[in-house]
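Structure first, then comments.
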Amino acid sequence: MPNDSTQSPPDRRPLIAFVWLWVGVPLAYGLYELVRKATQLFTG
Amino acid sequence: MSPPVASPGWSRWLVPPAALSVHLSIGQAYAWSVFKPPLESALDLSGTQSALPFQVAIVMLGLSAAFGGTLVERNGPRWAMTVALVCFSSGFLISALGAATQQYWLIVLGYGFVGGVGLGIGYISPVSTLIKWFPDRPGMATGIAIMGFGGGALIASPLSAQMLESFGSDSSGIALAFLVHGVTYAVFMALGVLLVRVPRGEKPVEGGPSAVDGVQVSARDAVRTPQFWCLWVVLCMNVTAGIGILEKAAPMITDFFADSSTPVSVSAAAGFVALLSAANMAGRIGWSSASDLIGRKNMYRVYLGAGALMYALIALFGDSSKPLFILCALVILSFYGGGFATVPAYLKDLFGTHQVGAIHGRLLTAWSTAGVLGPLIVNWIADRQEEAGKHGASLYGLSFVIMIGLLAVGFVANELVRPVHPSRHIPAPRKETADAERQHSKPA
C-alpha cells in the first residue's frame with residue numbers, strides 16, 4: 001500500500017485556470033466598458 | 001471557524017483570485033451613483049437623501065475595518081470572507097425589500113449599515129493571508145486584491161445600468177435589480193470563501209523567504225507607535241490629494257479649457273473620468289509591485305514628492321496644455337491608487353505579519369478622514385472662488401496649493417518613519433505562546 005507522503009500532489013493547473021477566468025472575465029468586461037467610455041475623451 | 005490550512009501542493013496562485021472575488025464584489029460601492037436618479041424619482045428623494053446609503057456604507061467600512069480587524073486575524077480569512085458575503089449580499093436583499101415596499105429606511109439600513117460591514121470586513125479579509133503567501137512580493141500580492149476594489153465599480157456600473165434599463169426604473173424594477181445583485185454577488189464571492197487557505201508552515205514557497213521572519217508587533221502595540229501615526233498621516237494626505245482631483249474631475253477639465261479654442265464637451269469629460277479610473281487601477285497593481293523592488297519608503301517618496309510636482313505643473317501650466325493637464329491628473333490618480341495598495345506591505349515591513357490585517361483595518365480610518373477632507377477642501381474653495389467672480393482654471397488654483405502643502409506634510413511624515421523600537425516587538429516565545437493560546441481557545 002503506497003504511503004500518503006510519497007503520493008504526488010494533484011495537478012492544480014485546471015483549477016488555477018478556472019478561478020482566474022472566474023474573476024478575469026468580469027474584470028475584462030469592466031475594462032472593455034471603461035475603454036469604450038475613455039475613448040470619448042478623444043472623439044467627443 | 002478554524003482557518004483553512006492549505007493541503008500539500010496547494011498553489012499560492014489560487015489565493016489572489018479568492019481575494020479578487022471579494023474585492024471585485026465590494027468595489028460595487030463606488031458604482032452606487034447608478035441607483036441615485038431612479039431612487040430619487042421612484043421614492044421622491046433629494047440628491048442628499050439618495051446619497052445616504054453610500055455615505056453610511058463608507059462610514060461602516062471604516063468602523064468595521066478598524067474594530068473588526070482583530071476578529072479577522074483571530075478567526076481567519078474564510079470566516080472574514082463568509083461574514084463579508086453574508087453582510088454584503090444581505091444588504092442588497094434588505095434593500096430590495098425596502099424598494100419593493102417603498103420603505104427607504106430599509107435601503108439605508110440594508111445597503112448602508114449591513115452592507116457597509118461587509119465592505120469593511122471584506123476589504124481587510126485577504127490582506128494578511130496574501131502577505132503570508134507572498135513574503136517575497138507582498139506589494140504585488142496586495143496590489144492585485146486592492147486593484148479589484150477599483151475594478152468592482154467598472155463591472156457594476158454598466159451592469160447595474162443595464163439591469164435598471166431591463167427591469168425598469170420604478171420601485172419594483174429597482175427592487176428586482178437589488179435582488180439580482182444580492183444573489184449574484186453571493187455566488188461570485190462564494191468562490192473566495194471556498195478557495196482561500198492559509199499557508200502550511202512558515203515558508204509558503206520551498207527555498208523562499210519565511211512569512212514570519214523579522215519584527216512582529218501586535219495591533220494593540222502598533223497603534224501606540226509613532227510609526228503607525230506617521231503612516232496614518234501619509235495615507236490620509238495621499239488620499240486627500242487624489243480625491244482632490246477625483247471629486248471634481250469632470251467639471252474641472254471643463255472649467256480649465258472653457259475659454260480655449262478646443263473646449264471639453266460633456267461626453268469628453270466623462271471619458272476623462274473613465275481614464276482616471278483606469279489610472280487609479282493601474283497604479284494599484286503597478287506601483288505596488290514596483291514597491292517590492294525599490295522599497296516602500298522610496299515608493300511613498302515618489303507618490304508624495306512627484307505628486308506635489310504634478311499638482312504644481314497643473315497649477316502653473318495646466319490651462320495652456322490639455323495633454324499636460326491630462327497626463328498630470330493621470331499620474332496623480334495612479335499615485336492615489338498606488339498609495340492604497342502599497343500600505344499593507346509597508347505595515348508588514350514595520351510591524352510584521354502577526355496582526356497586519358488588524359493594523360491595516362485601524363489605518364483605514366485615515367481613508368475615512370480623507371474622504372471627508374478632500375471633497376470639502378476642493379468644493380468649498382471652488383464655491384468661494386466662484387462667489388468672488390473667478391472662473392475657469394482660477395477656481396482651483398488655491399485648492400492645488402493646499403494639496404501641494406498636504407503632500408509636503410505627508411512627505412515629511414514618511415521621512416519620519418523609522419524601524420519600530422524593540423520594546424514593542426513580540427518576543428519569540430511570547431508570540432508562540434499567544435498563537436498556541438489562540439489555537440486552543442478555538443472551538444474544535
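Sequence lines set the chain letters: A, B, ... in the order given, protein chains first and strands last, and positions in each chain run from 1.
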Response to the item:
Smallest heavy-atom separation, A:Leu34 atom then B:Ala274 atom, equals CD1-O, 2.9 Å
Worksheet entry | Neighbourhood of chain A inside residues 178-190 of chain B, taking heavy atoms under 4.5 Å as contact | B:Val187, B:Phe188
Worksheet item: Does atom OH of A:Tyr29 have more than 12 heavy-atom neighbours, drawn from other residues, nucleotides or ligands, at distances under 6.0 Å?
Response: yes
Item to complete: Give the member of A:Val35, A:Leu31, A:Val23, A:Leu15 that has the highest number of heavy-atom pairs under 4.5 Å with chain B.
Response: A:Val23
Worksheet item: Can you pull out the residues in residues 148-163 of chain B with any heavy atom less than 4.5 Å from chain A?
Response: B:Gly151, B:Leu154, B:Ile155, B:Pro158, B:Leu159, B:Gln162
Worksheet item: Is there any side chain to side chain donor-acceptor pair (under 3.5 Å) pair reaching into residues 9-23 of chain A, and which pairs are they, with sequence neighbours excluded?
Response: A:Asp11-A:Arg13, A:Arg12-B:Ser7
Check residues 281-289 of chain B and write down every donor-acceptor pair under 3.5 Å in which the side-chain atom is one partner and the other belongs to a residue at least two apart or another chain.
from: B:Arg284; atom 1: NE; to: B:Asn280; atom 2: OD1; distance (Å): 2.9
from: B:Arg284; atom 1: NH1; to: B:Ile146; atom 2: O; distance (Å): 3.1
from: B:Arg284; atom 1: NH2; to: B:Asn280; atom 2: OD1; distance (Å): 3.2
from: B:Trp287; atom 1: NE1; to: B:Ser334; atom 2: OG; distance (Å): 2.9
from: B:Ser288; atom 1: OG; to: B:Gly139; atom 2: O; distance (Å): 2.6
from: B:Ser288; atom 1: OG; to: B:Ala341; atom 2: O; distance (Å): 3.2
from: B:Ser289; atom 1: OG; to: B:Ile285; atom 2: O; distance (Å): 2.6

Worksheet item: Based on non-hydrogen pairs under 4.5 Å, which of B:Leu275, B:Leu14, B:Leu20 is most in contact with chain A?
Response: B:Leu14
